[in-house]
Amino acid sequence: MAEEKLNFQAEVGRVLDIVVNSLYSDADIFLRELVSNASDACDKLRYMGIMYPDLIAEGGEFKINITVDKDKKTIVVADNGIGMNHDDLINNLGTIAKSGSLDFLNNLSGDVKKDSNLIGQFGVGFYSAFMVADKVEVRSRRAGEEIGWLWQSDGKGSFSLAEAENVARGTEIKLFLKKTSAEYADAIRLRQIIRQYSDHIAFPIYMDKDGTLETVNSALALWTRNKAEITPEQYRDFYRHIAHAFDEPWLTLHYKAEGAIEYTGLLFVPEQTPFDLFQLDRKPAVKLYTNRVFISDDIPDLMPSYLRFVKGVIDTKDLPLNVSREMLQRTPVLEKVRKGLVRRLLSELKAKAKNAEDYAKFWNSLGKAFKEGIYEDTENRETIAELSRFYSTAGEDLVSLEEYVGRMKEGQSSIFYMTGEDAEVLRNSPQLEGFEARGVEVLLFTDPIDEFWPQAFPAYKDKPFKAVSMAGDELEKIKSAAGIEGDEVTKADLDTLLAYMKLTFGDAVKDVRTTDKLVRSPVCLVAAEGDISLNLERMMRLHQQPLVRGSARVLEVNPRHQLIRKLAEALKDEAKKPMVADAVMVLLDQAQVAEGEPIKNPAAFMQRITNFMLNGI
Ligand code: ADP
Ligand code: MG
């Protein structure tokens with residue numbers, strides 16, 4: 001077959017451009033990425049070789065060779081793993097399979113350190129070769145196939161592909177270093193980078209030293225070693241390798257489960273929010289091994305979705321090696337491993353939660369995802385709720401449900417909460433006035449999932465969760481601090497005013513009723529019982545969900561407010577009726593504004609306000 005010239009997929013072009021032009025300062029990672037790919041390739045073939053021994057007829061001793069030519073300024077990273085054929089080369093090194101690539105581009109922060117961290121995570125690791133090389137040659141032959149291929153590119157939009165002679169099984173990547181990266185043509189430098197980033201790669205990495213091949217890494221599967229022999233640095237470097245990360249692990253959990261199912265787990269909770277925490281096509285992060293043989297890194301149910309930020313390795317002796325992936329996913333062994341893992345992680349989190357300051361770090365980075373467990377994990381929801389933290393009106397600090405319950409007032413039976421996008425906006429909501437006046441704490445729910453989990457988990461320690469808009473007369477029962485008992489309007493006058501308001505609003509509201517929630521404000525707007533909350537409605541509108549057309553709300557009135565008293569009074573005077581009509585319309589619009597909602601008819605609103613000002617001045 002003659003040489004083909006092909007263009008990179010458009011996204012690859014952009015990624016390359018960024019990799020080459022913006023990420024120069026952390027160029028060391030190119031080697032980590034190439035070695036990681038070589039190791040993956042060996043892992044894959046080792047696993048397939050168990051089922052199809054023919055594939056490893058050419059040898060089953062997996063290894064990675066790194067050669068450097070100081071004079072020619074070249075580096076070669078070679079492996080005898082699975083290799084790539086014609087189509088693999090085009091698909092793997094010419095496109096970005098994951099749709100996440102566009103997000104990658106959008107996620108770049110401009111902060112070089114952070115961005116180079118993202119490169120590995122986004123699975124564009126191979127392209128990091130172009131950080132240091134202005135030309136890359138890939139020679140590859142797929143295990144079990146006869147024809148080898150040469151792929152070449154200068155990383156500027158296109159690559160070429162042709163058949164090649166004498167290509168060994170596996171992949172050989174040759175970098176022609178840029179003038180500005182000539183420093184890497186140095187064996188000592190490369191050894192140092194390998195030791196830092198790739199020490200625990202489970203295959204030997206060889207380099208030539210004075211004519212003999214020497215292993216550079218310790219090539220031990222870290223998780224199989226004795227805990228006491230592993231240093232924190234080794235754990236950290238392993239975490240960075242497996243997560244393609246640069247941060248520190250917030251939690252390192254290394255343990256052996258014994259009993260019905262035996263397995264070893266080496267798991268990490270990152271310190272920073274992974275970029276793809278809320279992306280559906282994120283890479284699964286826990287690798288499954290059987291007796292040190294890599295099986296898969298994409299078994300969907302190994303970790304429940306709310307713990308998707310956990311990275312690491314599970315190695316179990318109890319899985320048969322020669323079964324298909326589909327079968328694997330259905331074995332009860334995995335289900336048991338998963339249950340054990342979750343239990344273990346939750347108990348570890350419990351221990352960590354004792355240090356509030358440290359725990360807040362975890363919560364701020366990952367709490368949003370973790371909290372989904374209250375909804376998702378029927379078995380552990382109580383524990384997950386206990387481990388969750390919330391903003392609250394009690395102060396700036398995150399609080400636990402335990403703390404909240406401990407602070408409940410006499411006469412208070414519910415855990416009150418209010419949902420919205422922003423804690424600071426919520427703190428100023430008129431709906432909280434009555435709670436504040438009574439010293440009743442309210443939890444501020446600001447994550448989308450907060451709209452949903454209280455339905456699945458309606459009470460904590462027998463205390464029901466209750467939205468402030470549904471507080472009803474519970475608030476009245478709670479002894480109030482001084483200052484909220486103003487004179488109420490007489491019942492008859494108030495009823496007349498409410499009836500008049502209802503008449504004036506027509507279909508614009510579902511109901512008008514009195515409330516104890518308000519102190520400074522005359523009115524507020526709430527969702528009717530059984531309707532979706534204002535916040536959820538806003539969220540759905542934002543995501544252009546068709547179902548929502550703004551259901552009518554309930555207007556709640558503060559019977560002690562001076563303005564309400566005056567309006568009730570004014571209503572007795574026939575001549576003042578038109579003014580009362582205008583005033584109640586303005587009140588409705590104000591309630592709308594206080595909820596962060598647009599006014600339905602701004603022109604009419606302005607006209608009324610203008611009239612009031614004219615009369616007042
Ligand atoms: P990732 O490793 O996250 O998938 P990379 O950009 O590092 O992303 O690599 C892209 C793909 O190219 C890999 O998924 C793999 O299929 C293929 N690949 C890269 N290097 C090798 C190699 N040494 N041997 C076999 N396949 C490789
Ligand atoms: Mg890779």
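All ligand and atom numbering here is 1-based and tracks the order in the structure.
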Q: Classify the contact between L93 and ligand 1 as side chain, backbone, both or neither, using a heavy-atom distance cut-off of under 4.0 Å.
A: side chain
**Q.** Element-labelled atoms of ligand 1 that are located less than 4.0 Å from some non-hydrogen atom of T171
**A.** 22 (C), 23 (N), 24 (N), 25 (C)
(Q) Would you say CD of E258 has more than 12 non-hydrogen atoms from neighbouring residues, nucleotides or ligands within 6.0 angstrom? (A) yes
Q.
Can you tell me which portion of M84 lies within the under-4.0 Å heavy-atom range of ligand 1? Options are side chain, backbone, both, or neither.
A. side chain
Q. Which bit of I173 gets closer than 4.0 Å to ligand 1, counting heavy atoms only: side chain, backbone, both or neither?
A. neither
(Q) Using a 3.5 Å cut-off on N or O atoms only, is N37 in polar contact with ligand 1? (A) yes
Q.
Strictly under 2.8 Å, is the Mg ion (ligand 2) approached by any N, O or S atom of N37?
A. yes
Q) Judging by distance only, is a nitrogen or oxygen of Y127 under 3.5 angstrom from one on ligand 1? A) no
Q | Atoms in ligand 1 with a heavy atom of G125 nearer than 4.0 Å | A | 5 (P), 6 (O), 7 (O)
Q: Report yes if A41 has an N/O atom closer than 3.5 Å to an N/O atom of ligand 1; otherwise report no.
A: no
Q) By side chain to side chain contact (heavy atoms under 4.5 Å, CB included), which residues pair with D134, not counting sequence neighbours? A) F176, K178
Q: Anything under 30° is parallel, anything over 60° is perpendicular, the rest tilted; go ahead and classify F309 against F370.
A: tilted
Q.
Under a plain distance cut-off of 3.5 Å, with no hydrogens placed, do D199 and S218 share a side-chain donor-acceptor pair?
A. yes
Q: Indicate whether the side chain of D358 and that of W250 have a donor and an acceptor atom separated by less than 3.5 Å.
A: yes
Q: Determine the interplanar angle of the Y289 and W223 rings, folded into 0 to 90°, and report it as parallel if under 30°, tilted if 30 to 60°, perpendicular if over 60°.
A: tilted
Q. Is the distance between the ring centroids of Y359 and F362 less than 6.0 Å?
A. yes
